[in-house]
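Lettering of chains follows the sequences in order, A, B, ..., and the numbering in each one begins at 1. In this text, all values refer to a predicted model and were calculated from it rather than measured experimentally.
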Number of protein chains: 2
Amino acid sequence: MGVSVSSRRKIPAAALIRLPMYLRLLGEVTVQGMTHISSDQLAELAAVNAAKVRKDLSYLGSYGVRGVGYEVAFLSYQIQRELGVNREWPIVIVGAGNLGQALANYGGFVERGFGLVGVFDTDPEKVGSEVGGICVQHLDELSEVVQTRNVSIGVLATPAATAQEAVNRLVRAGVGSILNFVPSVLSVPRGVHISKVDLAGELQILSYYEQQKANSLSHIQATTTSSRAVSA
Amino acid sequence: MGVSVSSRRKIPAAALIRLPMYLRLLGEVTVQGMTHISSDQLAELAAVNAAKVRKDLSYLGSYGVRGVGYEVAFLSYQIQRELGVNREWPIVIVGAGNLGQALANYGGFVERGFGLVGVFDTDPEKVGSEVGGICVQHLDELSEVVQTRNVSIGVLATPAATAQEAVNRLVRAGVGSILNFVPSVLSVPRGVHISKVDLAGELQILSYYEQQKANSLSHIQATTTSSRAVSA
DNA sequence: CAATGTGAATATATTCACAGCT
DNA sequence: AGCTGTGAATATATTCACATTG
């Protein structure tokens with residue numbers, strides 16, 4: 001059967017992180033009845049440069065039509081295929097504390113094709129309780145669920161102290177990618193992907209900007225130097 | 001009384017996002033009794049290149065000692081000062097749905113100096129209920145709380161449909177930085193910072209990697225086919 | 001002499017600008 | 001005519017490698 005290679009090319013990380021946004025925007029314009037969209041229009045919606053949109057999309061292939069733009073439905077499909085989201089991905093959450101429970105209840109995952117098939121914890125208080133419509137299981141059950149439900153993506157939301165052990169278990173169980181909400185640096189074997197979301201860290205970055213503004217108030221004068229590197 | 005400029009230099013974004021991690025790691029090694037640390041050691045803990053650590057830290061100033069390393073307490077203090085986290089930052093959360101409630105209950109914010117002083121929603125069902133130890137207020141109250149409590153950072157967790165309006169209100173109320181959990185592209189006036197966390201988007205990126213792995217397993221044969229089909 | 005701080009080298013990302021299609 | 005796709009130019013980030021220094 002036509003194996004129809006979904007992707008030979010490797011998409012640069014910087015472009016990859018924008019694909020989910022494009023995909024979402026395409027969904028919105030579809031609802032609005034648009035059948036075609038230009039890079040300029042999509043760029044405007046995404047609040048990025050149009051050349052960036054075109055270059056990002058060019059990593060998927062040449063799916064645009066010169067003089068016309070991109071067909072929304074076709075482009076959506078191609079992005080979905082590239083991201084691998086043209087199927088359901090079962091996920092598990094490890095850690096049923098505040099954040100884990102929150103994530104389990106968060107509708108945004110299911111909505112985009114990530115169905116929760118297990119929530120795990122080691123705390124006997126939590127095991128057996130229901131979270132996100134699912135009965136919290138003991139971490140010892142992780143491996144079985146991962147294997148029977150064919151889970152390759154795990155979400156980590158344990159306390160920092162037990163995070164590495166939880167990662168080890170996820171990896172041993174067969175999970176290949178982990179979304180880590182624990183503010184710790186965790187190690188995984190080669191071939192396993194781990195991406196991090198540091199919620200408090202995000203706020204710390206914002207406080208940097210706020211502080212900068214506060215500081216520059218003492219400057220009063222805002223010299224907007226519009227220096228353009230003009231080439232001779 | 002010298003104004004003791006906390007920061008004249010502007011730290012590159014790529015370096016800035018690592019400062020919270022360094023700060024956290026320095027806290028950990030402090031607990032372990034270390035008083036000094038080299039860029040090699042910190043790099044190992046952070047799982048990054050040592051030159052990167054030194055360059056990142058160099059944006060703060062020359063706080064290391066050649067042949068010795070960095071004094072942990074002093075470096076921590078400097079990073080805190082640079083990030084502006086050597087003080088409490090009151091925050092508000094707009095949107096008391098699943099995610100908003102979760103974030104309100106998330107201990108990680110307070111732990112790092114971001115005290116929740118208000119949770120807002122427009123849904124009469126939610127207004128009046130208690131979330132994260134705080135009574136949910138109507139969005140109309142936002143402005144007063146922001147002003148009286150001197151809030152400059154807001155967290156956005158509304159439904160997508162009302163997100164832009166919520167942003168407008170935050171900005172009008174005087175909030176200068178927004179952490180956006182809503183998967184929409186939102187616009188803010190110049191001078192206001194908005195940073196985005198797209199939870200489902202993160203999973204979509206992971207599914208890309210998982211799919212890549214799956215594809216490369218089926219590689220095995222197919223050396224005869226030139227490659228991409230397609231083309232009319 | 002061990003480790004920083006930093007220029008220089010390299011790698012990656014963004015943007016420009018336009019040739020080439022439809 | 002209008003828009004894509006992409007080389008070339010620019011900007012930003014990472015890494016190397018070493019002179020410098022306590």
Side-chain angles (χ1 to χ4, degrees), chain A residues 8-19 21-22 26 29 34-76 78-79 82 205 225-232, chain B residues 8-22 25-26 29 34-76 78-79 82 205 228 230-232:
Chain A
R8 181 102 321 147
R9 316 159 260 280
K10 208 189 86 220
I11 299 180
L16 184 61
I17 63 174
R18 286 184 294 267
L19 294 184
M21 172 176 58
Y22 298 146
L26 291 171
V29 302
M34 283 178 74
T35 61
H36 291 80
I37 193 167
S38 68
S39 60
D40 273 334
Q41 292 173 304
L42 186 49
E44 159 113 42
L45 294 174
V48 300
N49 183 293
K52 184 185 277 182
V53 169
R54 291 197 298 277
K55 188 144 283 191
D56 286 348
L57 297 182
S58 77
Y59 296 121
L60 310 180
S62 289
Y63 298 139
V65 179
R66 287 161 204 249
V68 176
Y70 302 85
E71 196 194 324
V72 175
F74 185 67
L75 183 57
S76 284
Q78 293 300 339
I79 296 177
E82 193 68 36
I205 292 164
T225 37
S226 66
S227 61
R228 301 189 113 246
V230 181
S231 52
Chain B
R8 179 106 318 150
R9 314 157 260 276
K10 209 189 85 219
I11 299 179
L16 184 60
I17 62 176
R18 287 185 291 268
L19 294 184
M21 170 176 60
Y22 298 146
L25 293 170
L26 291 172
V29 303
M34 282 179 73
T35 61
H36 291 80
I37 193 167
S38 69
S39 60
D40 273 334
Q41 293 173 304
L42 187 49
E44 160 112 43
L45 295 175
V48 300
N49 182 293
K52 184 184 277 184
V53 170
R54 291 197 298 278
K55 187 144 284 194
D56 287 347
L57 297 182
S58 77
Y59 296 120
L60 310 181
S62 290
Y63 298 139
V65 179
R66 285 162 206 250
V68 176
Y70 303 85
E71 196 193 326
V72 175
F74 185 67
L75 183 57
S76 284
Q78 292 300 340
I79 296 177
E82 194 68 35
I205 292 165
R228 34 228 246 69
V230 187
S231 170

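Contacts of residues 44-51 of chain B with DNA chain D (heavy atom under 4.0 Å): B/Asn49, B/Ala51.
Residues meeting the side chain to side chain donor-acceptor pair (under 3.5 Å) test with A/Gln78, sequence neighbours left out: A/Tyr63, A/Arg81. B/Ser76 meets the side chain to side chain donor-acceptor pair (under 3.5 Å) test with no other residue; sequence neighbours excluded. Here B/Val68 pairs with B/His36, B/Val65 under the side chain to side chain contact (heavy atoms under 4.5 Å, CB included) rule; sequence neighbours left out.
More than 12 heavy atoms of other residues, nucleotides or ligands shown are found within 6.0 angstrom of CD on B/Glu71. Other residues, nucleotides and ligands place more than 12 heavy atoms under 6.0 Å from the CD atom of A/Gln41.
Going from atom OH of A/Tyr63 over to atom C1' of C/dC21 covers 18 Å, rounded to whole Å. Between the CZ atom of A/Arg18 and the P atom of C/dA13 there is a distance of 9 Å, rounded to whole Å. Following rounding to the nearest Å, B/Ile17 (CD1) and D/dA13 (P) show an atom-to-atom distance of 9 Å. Rounded to an integer number of Å, the gap from OH of A/Tyr59 to P of C/dT12 is 11 Å. Rounding to whole angstrom units, CG of residue A/Leu57 and P of D/dC3 are separated by 16 Å. B/Asp40 has its CG atom 14 Å from the C1' atom of D/dA17, to the nearest Å. One can place CD of A/Gln41 at 14 Å from P of D/dG2, the figure rounded to the nearest angstrom. When rounded to the nearest whole Å, the span between CZ of A/Phe74 and P of D/dT4 equals 15 Å.
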Which atoms of nucleotides 18-22 of chain D (N or O only) lie under 3.5 Å from a protein N or O atom, and what are those distances?
unit_1	atom_1	unit_2	atom_2	d
D/dT20	O2	B/Arg66	NH1	2.8

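Contact annotation: side chain of A/Lys55 to base of C/dT14, donor-acceptor pair absent below 3.5 Å.
Nearest to the side-chain atoms of A/Pro12 among the listed nucleotides C/dA13, D/dT15, C/dG5 stands C/dA13. The side chain of B/Ala13 lies closest to D/dA13 when the candidates are D/dA13, D/dT14, D/dG7.
When all heavy atoms of A/Val72 and A/Leu26 are compared, the pair lying nearest together is CG1-O, 3.6 Å. Residues B/Ala43 and B/Asn49 approach most closely at CB-C, 3.9 Å, considering heavy atoms. Across all non-hydrogen atoms, the minimal contact from B/Tyr22 to B/Val48 is OH-CG2, 4.1 Å. Pairing each heavy atom of B/Ile11 with each of B/Ala15, the nearest pair is CG2-CB, 3.9 Å.
Each of A/Lys52 and A/Val68 has a nearest nucleotide on DNA chain C; the 5'-most of these lies closest to A/Lys52.
At D/dG5, one or more side-chain N or O atoms of A/Tyr70 fall inside 4.0 Å of OP1 or OP2 (strictly under the cut-off). Regarding contacts with the backbone of D/dC3, every side-chain N or O of A/Ser38 stays at 4.0 angstrom or more from both OP1 and OP2. For the OP1/OP2 pair of D/dT4 and a distance below 4.0 Å, the side-chain nitrogens and oxygens of A/Ser39 include at least one atom meeting the criterion.
Sorted by first then second residue, the salt bridge (charged side-chain N to carboxylate O under 4.0 Å, His left out) pairs that include residues 47-62 of chain A, not counting sequence neighbours, are A/Arg18-A/Asp56.
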